Structures are given as structure tokens and as C-alpha cells.
Amino acid sequence: MPAAPPRDLEGLPPGLARERTSLAWSRTVIAFAAVGGAILKTSITAGVIVIALGVLIWGLVRILPDPARPGASPVRLLVVALAVTGVALAALGVAVFGHARTGPPHAPSPAAHAGHFHARP
Amino acid sequence: MTGAGPEAGAGPQLPAGPQASAAREPARPATQPAAAPAGPQVTETEPDARFTFANERTFLAWTRTALAFIAAGLAIVQLLPPFPGVPWGRHVLGIPLIVLGAVIAGVGYLQWTRNQRALRRGEPLPRSLLPRVLAVTTTAMALVAAVILLISALVDH
């Protein structure tokens, strides 16, 4: 006979919710790293900064208390929002002022022709 | 932008924000339940931790969506070959996506703040504009991409 669910659901410890949130933070940091890697291909400085932001956020998640703790301030969420805005500004700068790929479509770019993108057969 | 949406007007008259409640009772921390009020005022209690975690996960999901838009916009501008006859096509497609990523990050944080305030007050959650903005913008960008491809194909032939 299955156990009856507890009457007071709010009294249950939020263990799995905390773990799911921790995994969501991990996915977000991985997304930061992926965007940093994409920017790294066109601008090394901006890419390194974005990847460093991901590492910084990961460290803040470990250090700062989560907002579910009474009295905790949502500093890390604000940091993430500001970091994404900064990444967007960096990407905007790279998109507007960066050296975009030129040349006709379906033709290898000069960098690819030099063997930077594809290995020579 | 107040935390009380159109659904939340059934209770007593609400102050403009959590600061108003804190201004009335400066000695009481916001995380403690308030005593029985003498007049119409909003009591804020710490919500269930699972709701706070769910709110935080929603914010993180919007953050990842914002990062995906930024990466897509950057890839369009930097990695796509130029459209024949439409040299500005990549920037028209990519830059709005990057700007949309920044907007989603900011609005996502505001949405988290509004949701958390509503949870503390026991009010209905406010409506989110982000899904509508996302749907409209994605549809618009798809239409713009189709037009650019059409122009490019016509010019190429």
C-alpha cells in the first residue's frame, strides 16, 4: 500500500528542486562557454572575456547564497543578467566592426583555403 | 511596471512596491511574516523554497535563450557567406537577434523580480510579455530571412 502524501507540502525539504536549479546553472555556464567559443573564432580578446565571465558566474554560484535562503539578495541573478547584456554588446561590436567572411557563396573562405578551417586532404 | 497585474487587484489597495511596505515597518525584516495588520497593507512572507527555485530556473532558461539568440546572430554575421546581391543581408538578420538577446536577458531579470514579489505577497503571478515578444520577433525574423533569400535568388539569376 503506497504511503499517503504528506499534508503539508511546504514542509518538505526542497532537495531535488535545489539539484535541478544547480543543473540549470551548469547548463547556463556551458552556454556561456559555447558563446565564448563562437566569439573566440572571430575575436580572441572578446571570446576570452566571455569565457572568463562564464567561469566568474560559476564561481559566484558556488560562493553566493541562493535566493531561496531567507534574507539572501539576488546578486548572482543580477550579475548573470548584466553579463548576458555585456556579451550581447561584445557580440554586437564583433558583428559590426569585426572582419566578416567575404567572398562568393559556396566557395571556401581565404582562411579555409589556407587550411585554418578544414584539413587539407 | 508594478508587480500587481490586472489579476491581482482583488485584495486591499496595494502599495507601489515592496519598498512601500518596508517603509511602513522599517524594523521588521522582509523575510518575517508580519503581524495582523491594523489597516489595509500587504504582508510579505518568504515563499516556499521550491517556488523560488522554479522562478530561478525560469530566469536561467530565459538567459540561455538570450545566449542562443546572441550566438545565432553572431554566427549569421560572421560565418555565413554573403548573400549574392544583398551584401547587407547578414547584418539585417544578425544584429536584431543580438539585440533581442540583450533585451531578453534584461526583461528576464525584471520578470524574475516581479514573480518573486508576487510569491512573497501571495498574489497571482504577473503575466509575462517575453513569450509574445519572442514569438513575434522570431516570426518577423523568419519573414525577413525569406525576403532576403528571395531577393538574393532573383538578383543571382
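The chains referred to below are lettered A, B, ... by the order of the sequence lines, with proteins before strands, and numbering in each begins at 1. Everything numeric in this text was worked out from a predicted model, so none of it was measured.
- Atom OG1 of Thr63(B) is separated from atom CD1 of Ile57(A) by 8.5 Å, given to the nearest 0.5 angstrom.
- If you chain together hydrophobic residues whose side chains sit under 4.5 Å apart, Leu53(A) and Leu89(A) never meet in one group.
- Annotation for Thr85(A) and Ala102(B): closest pair OG1-O, 4.3 Å, computed over non-hydrogen atoms.
- Residues Arg27(A) and Leu60(B) are not in side-chain contact: their nearest non-hydrogen atoms beyond the backbone lie 4.5 Å or more apart.
- Arg20(A) places none of its side-chain heavy atoms less than 4.5 Å from the side chain of Phe53(B).
- Between Ala88(A) and Ile98(B) the shortest heavy-atom distance is O-CG2, 3.3 Å.
- Distance check, rounded to the nearest 0.5 Å: OG1 of Thr21(A) to CG of Asn55(B) gives 10.0 Å.
- The CD atom of Gln116(B) sits 9.0 Å away from atom CG of Leu77(A), with the distance rounded to the nearest 0.5 Å.
- Two residues are said to be in side-chain contact when any heavy atoms from C-beta on lie closer than 4.5 Å; Val35(A) and Leu74(B) fail this criterion.
- Between Val80(A) and Phe59(B), some side-chain heavy-atom pair lies under the 4.5 Å cut-off.
- The candidate with the highest count of non-hydrogen atom pairs below 4.5 Å against chain B, out of Leu82(A), Val96(A), Leu78(A), is Leu78(A).
- One hydrophobic cluster, built from ILVMFWY side chains closer than 4.5 Å, holds both Leu56(A) and Val50(A).
- In terms of hydrophobic clustering, with Ile, Leu, Val, Met, Phe, Trp and Tyr side chains grouped at heavy-atom distances under 4.5 Å, Ile51(A) and Phe32(A) are assigned to different clusters.
- Between Arg76(A) and Glu56(B), at least one side-chain N (NZ, or NE/NH1/NH2) sits under 4.0 Å from a carboxylate O, which counts as a salt bridge.
- The two residues Ala24(A) and Arg64(B) come nearest to each other via the heavy atoms O-NH1, 3.1 Å.
- A continuous path of ILVMFWY side-chain contacts below 4.5 Å connects Phe69(B) to Leu130(B), so both sit in one hydrophobic cluster.
- With a threshold of 4.5 angstrom between heavy atoms, Leu23(A) does not approach chain B through any atom at all.
- Residue-level contacts of residues 139-146 of chain B with chain A do not occur; threshold 4.5 Å between heavy atoms.
- Scanning all heavy atoms of the two residues, the minimum distance from Val84(A) to Ala66(B) falls at CG1-CB, 3.9 Å.
- Each of Trp58(A) and Ile63(A) belongs to its own hydrophobic cluster when Ile, Leu, Val, Met, Phe, Trp and Tyr are linked at side-chain heavy-atom distances under 4.5 angstrom.
- In terms of heavy atoms, Ala17(A) sits closest to Arg57(B) at O-NH1, 3.1 Å.
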